[in-house]
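Some notes on the structure that comes next.
Note: hydrogens, waters and symmetry copies are ignored here, and every other heavy atom, side chains too, is used. No experiment lies behind these values; they were computed from the predicted model shown.
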Amino acid sequence: MSQLAEWMGADPVDLWTIAVAMLGNTACAIVGCYLVVRRMSMMGDAISHSMLAAIGVVFLVTKGVAFLPMFIGAVTVGVLTGVMTEGLHKAADVPEDSSMGVVFTSLFALGVVLISMFPGNDLDTRCVLMGYMEHAGLNTMSQIASGQWPVDLVRMTAMLAVVAGLVTAFWKELKLAAFDPALADAMGFHPLRVHYLLMAMVAGVCVTSMSNLGAIVVIAMLIVPAATAQLLTDRFGWMLVYAVLLSWAAAILGYVAALWVGSNAAGMMAVVSGLIFLLAVFFAPAHGLTSKWVSNMRLRLRILCEDILAQLYRAEERAAEASIASTVSSEECAEFAGGGFGGRVSMWLLRGRNQIAVAEDNVRLTDAGRKTGRSLLRSHRLWETYISKHFELDADHLHEPAHRVEHFIGPELQDRMAAELDEATDPHGREIPGNSDE
Amino acid sequence: MGWLSYNTAIVLSGTSLLGAVSGLVGSFAVLRRRALTGDALAHAAFPGLCIAFLVMQRRHLPGLLLGAFISGVFGVVLISGLRRSTRIKEDAAIGIVLSVFYGGGIVLLSIIEQQTTIGSKAGLKSYILGAAAGMVRSDVMLIGSICVVCTLLVLLLYKEFKLVSFDPGFAEVQGWPVLAIDLGLMTMVALTVVIGLPAVGAVMMAAMLIIPAAAARFWTNRLSLMLTLSAIFGTLTGALGTLATTRFSTLPAGPTIILVGAFLFLCSMLFAPARGLIASWRRMREFRAVVVRQRVLAELFHRPDQTFEKLLKRRSWSGQKLQTALHALVDAERVVKRDLKYSLTDGGTEAAKRVVRGIELWKLFVAENPQLTANFTDLDVENIDEVLPPEVVEQLEVMRSSASAGSVA
């Protein structure tokens, strides 16, 4: 590590700290993914607050802050938080969020009171609440193999190994219980046991990260990378991978930013992960606000264009009945799509695609445009015929649903409807255009 | 009043008023299933507090609280925005806002602490755990005025708040401005949280909102009563907690107040007559005893003159339960014991007929409507006329008589 530090021109302590943060964040992110998909994120909040009760009780009993008793106490209290929340909700009929609120705030208060009963103890409430990442790389070194390793690094590695081992061993069970607890129960996978296994893991990563991140920033590391990953993918395996990578980004960028402005590193990691989350909210490929907006706009434009084509086709039909040439001005044509900006853009698009042609302010369909218009009208009239046959609707109630659905009926569905209906005209007596390929 | 110094009196009235207003406002948060939103709000207020401090460069309480209020409300708006327009679920949205805002607050606080030019930083450090002892007269006036404002708002908009808390969907259909009413509720919560922050701290403020209200819910099913009780519980919690901290000076105020609240909650959960655990256990036991007595009556109606041993073998009831039921029935003169054999009295026969009719009608009903059975478990067989509409009972009666006629033929 010291060679690496020399090569990068950085302080080895900083590198150790970043390494500790990355390991801790990895464990948090993995466990957090399960919390997020099970919609139990606030359980992370509750358990991390309850950790104070564990610290208080363990301190009261052992008069010290040794890691192992602390860890055992934390896991016990974590599971207990889950059990009590569930118990209040089920047995005493307290709404779930309130029961969680009652349990964790009480445990938190109990912890603070217990800790404050020993004035001058070496327990730093401030460290527990704010986190003191900067210590992680400096902490006493432990001798393992032929190297000196920071104690926190060893603990984080061990915790991560346990979490990774449990997730691998119970991969199927955890996943099934997360996505379909009823099925898991029916298949005999004991979702309740899986639930408490998860509670124990949350408590484990909380207590291990507690002195570095503090009780509340731990929640950020549990939930934020997982939620960000959820915006990026629909597959759970990838969600885990992304969450871990994002948690590394939060660790590295957060620490560097904290060095830069000279502030608390744990808080900065939370802020950085929050900013990355915000980026994902806006720019995630499938679930981001921007891509949603773009695909909505596309759909809207397609519908506007198709409305124009269908109306032009109708105008041609009417003109043919009256044996005159169809005349539609540009303005009328844009009005088919509701006019305004949308209408102008649709007209421009249709001309660009060579589906309409404008000559002397008379809009005509080209062959390509006529084909699309004809197909839309075929969908429209088939649908009117279909719903008037299968639902008792009055004639004046048929147009509106057909007008909405005509954009979503492909040739295959058209043919199936045509085959079933075997009608030449719609309920209004208008001809149903045939399949244009025939 | 020798034991109550001026300072203690100030703190005592401050925490009591704070308890009252958070009890009142918290009731709506609990009923609206927004208990944890209060928690998020309290944490999200932290960066605003720090920014206000950085801007003003001094501890000016109203200014700090304004900053806290703005960032708290912004956090809540963000939660609802994330829930509405992304695939992020509400729980994750709350967790994200809570922890990221808090992280931002820590960053700002550590920057403030490095600025040596600024004098008193009190009020920022106490943000997390609170410092009730530092309360001064103007703080109490502020809490008191918020208390008055919230009470007036609740009195004025009682019907609207009630409707939105219990059935927002219905309120929307009826044309009430649900969003605006909701916003009004959340503003009250935000005001309460913000004025409470300097005294009891973020986590404790969340508890002050939830615990008195959740405790009051055990005692009543009426909103007006729940609001009153919750305000009283809040006041008691604040006052008793403060008194405990003045008695034992090492105890931190906020957490002690919450522990008092937790104790009140525990007592309410156990002893409340309406929805308390002990009361509902007792009702359950009484109901089970009634069911056993009804089964005994039905048993003796079909097969009179049975000995205890014979009765015991008829069904899977324990000897003790059967014994108790028989004693009660003998005391009520429904059953007589002659030569170790039990049989029905005239009154008992009448009662048994009602029970048998109930059992048979329920059996028919369940057979006819298997999909409804989940809603009709644990029912007293004698109250079928109260549960089902009369025309259904009539129909069941017809089916029952035709069934028995068929079996005779």
Side-chain angles (χ1 to χ4, degrees), chain A residues 35-36 39-42 44-45 49 88 91-102 105-106 108-113 116-117 119 125 129-131 214 216-224 226-227 230-231 258 261-264 266-271 273-274 277 281 287-289 292, chain B residues 30-31 33-39 43 82 85-96 98-111 114 125 128-129 203-204 206-207 209-211 213-215 217-218 250-252 254-259 261-262 265 269 275-277 280:
Chain A
L35 286 181
V36 168
R39 301 185 188 181
M40 286 185 354
S41 309
M42 288 315 278
D45 179 49
H49 278 93
L88 274 188
D93 200 20
V94 180
E96 203 157 13
D97 58 336
S98 296
S99 91
M100 191 184 282
V102 169
T105 55
S106 303
F108 182 86
L110 180 72
V112 176
V113 166
S116 70
M117 276 163 67
T125 339
L129 292 172
M130 303 266 195
I216 297 159
V217 175
V218 162
I219 306 161
M221 288 304 125
L222 280 169
I223 301 169
V224 183
Q230 202 185 24
L231 289 173
V261 297
S263 74
N264 178 298
M268 201 52 120
M269 284 183 195
V271 172
S273 65
F277 172 75
V281 164
H287 301 290
L289 293 181
K292 264 191 208 162
Chain B
V30 164
L31 291 174
R33 305 282 191 269
R34 292 273 163 80
L36 295 176
T37 311
D39 186 31
H43 285 84
L82 283 176
S85 49
T86 67
R87 70 185 336 205
I88 300 296
K89 301 291 174 295
E90 185 165 29
D91 63 308
I94 292 176
I96 291 167
L98 180 154
S99 56
V100 171
F101 273 57
Y102 182 88
I106 295 177
V107 168
L108 291 169
L109 182 63
S110 65
I111 290 172
Q114 286 161 16
K125 282 190 185 170
I128 301 161
L129 294 178
V203 179
M204 304 310 155
L209 286 173
I210 304 170
I211 294 181
R217 183 71 188 88
F218 283 115
T250 53
L251 290 177
T256 313
I257 292 175
I258 297 321
L259 284 187
F265 176 85
M269 180 177 84
R275 296 157 53 94
L277 281 185
S280 57

Inset, instruction - Measure A:Leu110 against the heavy atoms of chain B and call it side chain, backbone, both or neither at under 4.5 Å. - result: both
Inset, instruction - Would you mind checking which part of B:Arg33 comes under 4.5 Å of any heavy atom in chain A, side chain (CB onward), backbone (N, CA, C, O), both or neither? - result: both
Inset, instruction - Report the option among A:Leu88, A:Thr105, A:Asp97 that has the most heavy-atom pairs separated by less than 4.5 Å from atoms of chain B. - result: A:Asp97
Inset, instruction - May I ask you to name which of A:Val102, A:Val271, A:Leu35, A:Ile219 has the most heavy-atom pairs under 4.5 Å with chain B? - result: A:Val102
Inset, instruction - Output the option from B:Ile258, B:Ile111, B:Ile211, B:Val203 having the highest count of non-hydrogen pairs under 4.5 Å with chain A. - result: B:Val203
Legend entry - Pairwise side-chain contact, B:Ile88 with A:Phe277, heavy-atom cut-off 4.5 Å (strictly under): yes
Inset, instruction - Could you tell me whether the side chain of A:Val94 reaches within less than 4.5 Å of the side chain of B:Met269, counting heavy atoms only? - result: no
Inset, instruction - Work out which heavy atom in A:Lys292 is nearest to a heavy atom in B:Thr86; give both atom names and the distance. - result: NZ-CA, 3.8 Å
Legend entry - For the student: nearest non-hydrogen atoms of A:Met100 and B:Leu36, plus distance: SD-CD1, 3.9 Å
Inset, instruction - Taking all heavy atoms of A:Ile216 and all of B:His43, pick out the closest pair and write down the distance. - result: CD1-NE2, 3.7 Å
Inset, instruction - Quick one: closest heavy-atom pair of B:Ser99 and A:Val224, and the distance? - result: OG-CG2, 4.2 Å
Legend entry - Most contacts with chain A, counted as non-hydrogen pairs under 4.5 angstrom, among B:Asp39, B:Leu209, B:Thr256: B:Asp39
Legend entry - Among the listed options B:Val30, B:Thr37, B:Val107, the residue most often paired with chain A at heavy-atom distances under 4.5 Å: B:Val107
Inset, instruction - Provide the closest heavy-atom pair for A:Val112 versus B:Pro255 in the form atom of the first, atom of the second, distance. - result: CG1-CG, 3.5 Å
Legend entry - Contact origin within A:Met40 toward chain B - heavy atom pairs under 4.5 Å: backbone
Inset, instruction - Sort B:Ala214 into side chain, backbone, both or neither according to what part of it lies under 4.5 angstrom from a heavy atom of chain A. - result: side chain
Legend entry - Student check: side-chain heavy atoms of B:Ile96 and A:Ser41 closer than 4.5 Å: no
Legend entry - Spacing of OG belonging to A:Ser106 relative to CE belonging to B:Met204, to within rounding of 0.5 Å: 9.5 Å
Inset, instruction - For the pair A:Asp45 (side chain) and B:Gly95 (backbone), establish whether a donor and an acceptor sit closer than 3.5 Å, ignoring hydrogens and angles. - result: no
Inset, instruction - Look at A:Val218, A:Asp93, A:Val217 and state which one has the largest set of heavy-atom pairs under 4.5 Å with chain B. - result: A:Asp93
Inset, instruction - For the pair B:Leu82 and A:Val281, evaluate side chain to side chain contact (heavy atoms under 4.5 Å, CB included) and give the outcome as yes or no after the intermediate values. - result: CA-CA 8 Å; B:Leu82 283 176; A:Val281 164; 3.9 Å; yes
Inset, instruction - Tell me, out of B:Leu108, B:Asp91, B:Ile94, B:Ile210, who's got the most heavy-atom pairs with chain A below 4.5 Å. - result: B:Asp91
Legend entry - B:Lys89 to A:Arg39 - nearest heavy-atom pair and separation: CE-NH2, 3.0 Å
Inset, instruction - Pick whichever of A:Pro95, A:Ala91, A:Gly288, A:Ser99 has the most heavy-atom pairs under 4.5 Å with chain B. - result: A:Pro95
Legend entry - Which of B:Ala262, B:Gly261, B:Ala92, B:Gly38 touches chain A most, by non-hydrogen pairs under 4.5 Å: B:Ala92
Inset, instruction - Name the region of B:Phe218, side chain, backbone, both or neither, that has any atom closer than 4.5 Å to a heavy atom of chain A. - result: side chain
